[in-house]
There are 2 protein chains.
Amino acid sequence: MQMDVSTRQLRAFVALAQQRNFTRAAARLHLSQPAFSALIRSLEELLGVRLFDRNTRKVELTPEGESFEEVAQRLLADFDHAMTDVRDHVARRRGRVSLAVLPSLAAGWLPPVLSEFHALYPGIDLDVADVLSEDCLERVRSGSADFALAAIRADSPELRTEVFCSDRFHLVCRADHPLATAPVLRLRDLASHPFVQLARTSSVRQYLDAAVHPMQMNTLMEVEQLATVMGMVRSGLGISVVPALTLFHFEQPGLVTRPLQVAGLTRRIFLIRRRDRSLSAAAQALYELVMRKKPDEQAG
Amino acid sequence: MQMDVSTRQLRAFVALAQQRNFTRAAARLHLSQPAFSALIRSLEELLGVRLFDRNTRKVELTPEGESFEEVAQRLLADFDHAMTDVRDHVARRRGRVSLAVLPSLAAGWLPPVLSEFHALYPGIDLDVADVLSEDCLERVRSGSADFALAAIRADSPELRTEVFCSDRFHLVCRADHPLATAPVLRLRDLASHPFVQLARTSSVRQYLDAAVHPMQMNTLMEVEQLATVMGMVRSGLGISVVPALTLFHFEQPGLVTRPLQVAGLTRRIFLIRRRDRSLSAAAQALYELVMRKKPDEQAG
DNA sequence: CGATCTTACGGGATTCGTAAACATA
DNA sequence: TATGTTTACGAATCCCGTAAGATCG
């Protein structure tokens, strides 16, 4: 049993209930008076009840009309509220974006991007997960992130991967270290020096292991955080090699960073999103800004 | 800014969100699939967002579609609830009637009528005001009663009066009273006997005063309630004259009631309702039953 | 008789269903 | 290639506005 009452009929009813005059109420809906009359009649027929007692001199609500008035007003208000809510989301006046990003991006490159985003769309809430690549992917897969920036490609078929940027590796060492001023830097030159490694789960480490066999490295220690690497290097315990996007950690007095021109030693950052699933208006807006603000390909 | 989204569009949207298949969802609305497709498209255009990601193999909600789904379902539920509510009232499954009736009618004639009414329409609440005629009219005038049964006509132009029934007067006295067996009863025969009167505000008294000048009466006492009149008469203090509709008070052992064949001494009961104001479905139903159950014109 | 609602009716927009075209796994 | 959506298009329907008719104070 479905009653396809239209919102127009409701609006007509409310207008007439307020104006108590067909001609004026019709004008308010930008309708001719007979057309308006038909609209009221159709509503009455649909409900099976007269809503107005009317003659040429007076228009009054019937008891049923009276009790229907508040109902109709509430329904219309709910309706309009719901519609403006949708429009607000579409217009990016409101909404929420969730993204998952590698910690290295989250600390260095991301903040100014989000700052600009927030200035553009102050009504959109932001939800950032600064987690490792595997976790990034999982969050996109489960839907808890709209998209992600990670260092690995997605494997599952419901995800879509696109290259976001390339991230070249740099040597980091003390300014008084011999390599700081060496004319040429080759990977095997570095191998002999005491080296501060990141944990094997990090993408940085995986790239390094792929480029230089671990056996050839003079690994001094393994730590979890890049900030720790920096501390170790600054105190002269060893050197390290990190991607360009993490260099902000090493912009410290007494430290030197030097690009490595090594073929194949380039970390790729990927943007991961669900396939066959469009982004929300808010997520699309962030996606576009993120793509526009890609780290310079020449960085490093 | 009014968005005339129709309930059909909402129903189409919800059907598709649930079925995730245009063909099946179209069938559910008894529509051809292309017509259904157009309905969805029109909704998406109106809202300015795609609500479904679709290809020939899969139909999925977009993020906007997802958040719109609960909104649409709630709106439709509210809508349908409001509509069935109206229909329930029209079908007399629910509702309320308020009526105002003279106490004499309220105690004797009314209860079985309301009993039948309640059996017919168990969902309709009843509101009875058993008050004197003036008060009956005032309640109709103010809208707190849908209609009234009173002993006076309405004066104000917004009220409409119709004759409901005629109520003949009867002598009430003890069985051992001389008048109980008198061959003929004339008004002047009664006048000499001690008489128990009702208060001047009662319609019964007003009729009597109009028929027999008070000076000609042997008034023993004035009381407010008919039940009191009965008690006085039963104890032999005097006689009285009351309308047929109140005789149930006097159906007591040792009491006699005898009709008075006096021209002009007939109380009229009127039904009063607002002019130019239709009755609610519930009130109309009671009105019709009340008219069908009019006290027999021959009563008395 | 004047203001106002209803009825009558022709034209135009909307919406429908059928059939063909198109897309994807 | 099979399934399922979109496009194309003629037909039916719905809805509007103008004009005439009816009604009440």
Side-chain angles (χ1 to χ4, degrees), chain A residues 2-46 49-62 65 156-160 274-278, chain B residues 2-13 15-47 49-62 65 156-160 274-278:
Chain A
Q2 51 193 50
M3 308 256 327
D4 279 330
V5 176
S6 69
T7 54
R8 312 198 59 214
Q9 289 171 315
L10 256 45
R11 280 185 221 286
F13 169 78
V14 169
L16 184 54
Q18 287 171 353
Q19 305 275 6
R20 317 234 158 178
N21 175 304
F22 276 69
T23 310
R24 281 200 302 276
R28 217 170 83 176
L29 295 225
H30 310 293
L31 270 179
S32 73
Q33 189 272 322
F36 181 86
S37 231
L39 210 52
I40 295 291
R41 192 172 349 110
S42 70
L43 177 62
E44 289 180 331
E45 278 167 14
L46 212 58
V49 91
R50 209 131 232 262
L51 296 170
F52 295 95
D53 284 325
R54 48 204 190 262
N55 55 39
T56 58
R57 282 286 142 194
K58 224 185 299 183
V59 175
E60 289 292 338
L61 285 161
T62 61
S156 44
E158 75 261 31
L159 296 185
R160 195 171 75 191
R274 286 168 72 160
R275 185 184 302 278
D276 298 330
R277 176 91 202 249
S278 57
Chain B
Q2 53 192 47
M3 310 256 325
D4 278 329
V5 175
S6 69
T7 54
R8 310 198 60 214
Q9 289 170 316
L10 255 45
R11 280 185 222 285
F13 169 79
L16 185 55
Q18 287 172 353
Q19 304 276 4
R20 318 231 157 180
N21 176 304
F22 276 69
T23 309
R24 282 200 301 277
R28 217 170 82 174
L29 295 225
H30 310 293
L31 270 179
S32 75
Q33 190 274 323
F36 180 86
S37 232
L39 210 52
I40 295 292
R41 190 169 354 106
S42 70
L43 176 61
E44 288 180 331
E45 278 166 13
L46 212 57
L47 295 178
V49 210
R50 209 133 231 262
L51 296 171
F52 296 95
D53 284 324
R54 50 208 192 257
N55 56 38
T56 58
R57 284 287 142 193
K58 223 184 303 185
V59 175
E60 290 290 340
L61 285 161
T62 61
S156 43
E158 75 261 31
L159 296 185
R160 197 169 74 192
R274 287 169 69 161
R275 185 184 301 280
D276 298 329
R277 176 88 202 252
S278 58

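Throughout, protein chains are lettered first and strands after them, A, B, ... in sequence-line order, and every chain is numbered starting at 1.
Using modelled atom types, no side-chain atom of B:Q19 and backbone atom of B:L16 make a donor-acceptor pair closer than 3.5 Å. The backbone N or O of A:L51 sits less than 3.5 Å from a side-chain atom of A:E44, completing a donor-acceptor pair.
Contacts between residues 33-46 of chain B and DNA chain D, counted as heavy-atom distances below 4.0 Å, involve B:Q33, B:P34, B:S37.
Between the CD atom in A:E45 and the CZ atom in A:R50 there is a gap of 9.5 Å [rounded to 0.5 Å]. Atom CZ in B:R8 sits 10.0 Å away from atom CZ in B:F36 (nearest 0.5 Å).
Ion pairing between a basic and an acidic side chain is recognised when a charged N comes within 4.0 Å of a carboxylate O; B:R54 and B:E60 show no such pairing.
Among all heavy-atom pairs drawn from B:S42 and B:Q9, the shortest one is OG-NE2, 2.8 Å. Annotation for B:L61 and B:R20: closest pair CD1-NH2, 3.2 Å, computed over non-hydrogen atoms.
For the pair B:R20 CZ and D:dG4 P, the computed distance is 16 Å after rounding to whole Å. The nearest whole Å value for the distance from the CG atom in B:L31 to the C1' atom in C:dT18 is 14 Å. As rounded to whole Å, 14 Å separates atom P of C:dC5 from atom CG of A:D53. Atom CG of B:D4 is separated from atom P of C:dT15 by 12 Å (rounded to the nearest Å). The distance from atom CG of B:L29 to atom C1' of C:dT15 is 14 Å, rounded to the nearest whole Å. Rounded to whole Å, atom C1' of D:dG4 lies 15 Å from atom CZ of B:F52. As a whole-Å value, the separation of A:E60 CD from C:dT4 C1' is 15 Å.
When each of A:S32 and B:V59 is assigned the nucleotide of DNA chain D with its nearest heavy atom, B:V59 is the one assigned upstream, toward the 5' end.
Within 4.0 Å of A:T23, counting heavy atoms only, lie sugar-phosphate atoms of the nucleic acid but no base atom.
Residue B:R54 places at least one side-chain N or O under 4.0 Å from the OP1 or OP2 atom of D:dT6. Look at B:R8 and you'll find a side-chain N or O under 4.0 angstrom from OP1 or OP2 of C:dC16.
A side-chain donor from one of B:D4 and A:T7 sits under 3.5 Å from a side-chain acceptor of the other. For B:D53 and B:T62, the side-chain atoms include no donor-acceptor pair closer than 3.5 Å.
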Nucleotides 22-25 of chain D: which of its N/O atoms have a protein N/O under 3.5 Å away?
unit_1 : atom_1 : unit_2 : atom_2 : d
D:dT23 : O2     : A:T56  : OG1    : 3.2
D:dC24 : O4'    : A:T56  : OG1    : 3.0
D:dC24 : O2     : A:T56  : OG1    : 3.4

